[in-house]
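Read the structure below first, then the notes.
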Amino acid sequence: LAFDDSVVPKDSFALRQFDGSLAIQRPGVDAQGKIVRSWWKTDRVFAKGKRVVLSVISTPGKTLLYVDGMYASSSSDFGLVDHDFTGRLVLGNSMTQDSWTGQITGLAVYHVALTPSQVAENAARWTQGLMPVANAESAPTALYLFDERKGNTVRDHTNSGNFLEI
């Protein structure tokens, strides 16, 4: 997953798989005004043939990673901000020509940080092929199930009209 809003693709926000590890990359600016890439890597996230539900939660001062609803790691040095998620959303492909083979069976985007119990409940629902819980305070702002099976548009199940183009 990447957000392409940079003239230099390697400087975009991205979630990337490296063997069994997940790396989250985000651009930043150093003291000299040069663009730098920050990385946060978590090992033992993926296993061949195993479906995984990832949840990345960012709050002021801390970003957390959950795998299958269970806490996996956190970083207080790696905060995510709104502008990390601007530009063209790229799923299942790379901004830098490194290939990825796998399946994406859903994507939910929220405007609030989910609690650990909400993360666990939603991961269990995703695993069972169900949609995440959508209540007033934690409804997704975008929900893609990739269940169209034809065409070149992925429907946003929140009915907000934020369709994805294939």
Side-chain angles (χ1 to χ4, degrees), residues 1-6 8-47 50-96 98 100 102-127 131-144 156 158 160 162 164:
L1 175 139
F3 285 90
D4 174 19
D5 71 339
S6 174
V8 180
K10 69 179 181 158
D11 293 333
S12 297
F13 172 86
L15 297 177
R16 302 174 73 187
Q17 179 181 352
F18 292 101
D19 297 319
S21 301
L22 174 72
I24 302 177
Q25 164 193 318
R26 75 178 292 266
V29 179
D30 68 12
Q32 290 78 35
K34 291 174 38 181
I35 292 179
V36 295
R37 287 182 290 165
S38 300
W39 289 88
W40 170 33
K41 183 179 171 202
T42 303
D43 294 326
R44 295 181 297 281
V45 171
F46 302 104
K50 182 180 180 293
R51 185 176 174 178
V52 175
V53 177
L54 298 176
S55 301
V56 179
I57 309 295
S58 189
T59 61
K62 186 174 262 193
T63 302
L64 302 113
L65 174 67
Y66 292 83
V67 177
D68 294 329
M70 302 293 294
Y71 170 82
S73 68
S74 65
S75 174
S76 56
D77 299 325
F78 198 88
L80 301 174
V81 294
D82 290 348
H83 73 264
D84 288 327
F85 306 102
T86 60
R88 181 177 60 132
L89 172 64
V90 178
L91 293 170
N93 204 341
S94 169
M95 303 299 300
T96 58
D98 56 347
W100 179 80
Q103 290 184 318
I104 298 173
T105 57
L107 172 66
V109 179
Y110 296 85
H111 69 284
V112 297
L114 299 182
T115 65
S117 62
Q118 289 170 320
V119 169
E121 181 179 9
N122 285 338
R125 292 181 62 83
W126 279 110
T127 302
M131 289 196 297
V133 174
N135 57 41
E137 62 271 353
S138 65
T141 55
L143 178 61
Y144 305 102
D156 180 356
T158 66
S160 67
N162 294 317
L164 299 178

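Along the sequence shown, residues carry numbers from 1. In this text, all values refer to a predicted model and were calculated from it rather than measured experimentally.
- Remark: side-chain polar atoms of Arg16 are not paired, donor with acceptor, to backbone N or O of Ala23 under 3.5 angstrom.
- Smallest separation of non-hydrogen atoms from Tyr71 and Leu64: CE1-CD2, 3.8 Å.
- Thr63 and Ser58 are linked by a side-chain donor-acceptor pair at a separation below 3.5 angstrom, with hydrogens and angles left out of the test.
- With rounding to the nearest 0.5 angstrom, the CG atom of Leu15 is 5.0 Å from the CD1 atom of Ile24.
- Atoms CG and CG, on Leu107 and Leu164 in that order, are 7.5 Å from each other to the nearest 0.5 Å.
- Across Pro140 and Thr158, no two heavy atoms sit closer than the pair O-CG2, 3.4 Å.
- Looking at every heavy atom in both residues, Tyr110 comes nearest to Ser138 through CE2-O, 3.1 Å.
- We find the CG-OH distance between Leu54 and Tyr66 to be 13.5 Å, quoted to the nearest 0.5 Å.
- Checked by atom type and distance alone, the side chain of Asn162 never pairs as donor or acceptor with a backbone atom of Ala142 at under 3.5 Å.
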> Yes or no on side-chain contact (heavy atoms from CB on, under 4.5 Å) for Leu22 and Gln17, after CA distance, side-chain angles and deciding distance?
Replying inline: CA-CA 5 Å; Leu22 174 72; Gln17 179 181 352; 5.7 Å; no

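- Although no hydrogens or angles enter the test, the distance criterion places a donor-acceptor pair under 3.5 Å between the side chain of Asp68 and the main chain of Val53.
- When side chains are defined from C-beta on, Tyr144 does not count as touching Ile104, because their heavy atoms never get closer than 4.5 Å.
- Interatomic distance, OG of Ser75 versus NZ of Lys41, reported as 14.5 Å (0.5 Å rounding).
- Taking both residues in full, the closest heavy atoms of Gln118 and Ala113 are given as OE1-O, 4.4 Å, listed atom of the first, atom of the second, then distance.
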> For Ser21 and Asp19, what are the C-alpha separation, side-chain angles and deciding distance, and is it a side-chain hydrogen bond (donor to acceptor under 3.5 Å, both in side chains)?
Replying inline: CA-CA 6 Å; Ser21 301; Asp19 297 319; over 6 Å; no

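- Asn122 CG to Thr115 OG1: the interatomic distance, rounded to the nearest 0.5 Å, is 9.0 Å.
- Distance CZ/Arg51 to CH2/Trp126: 8.5 Å, rounded to 0.5 Å.
- Judged by distance alone, with hydrogens and angles left aside, the side-chain atoms of Ser55 form no donor-acceptor pair with the main-chain N or O of Val119 at under 3.5 Å.
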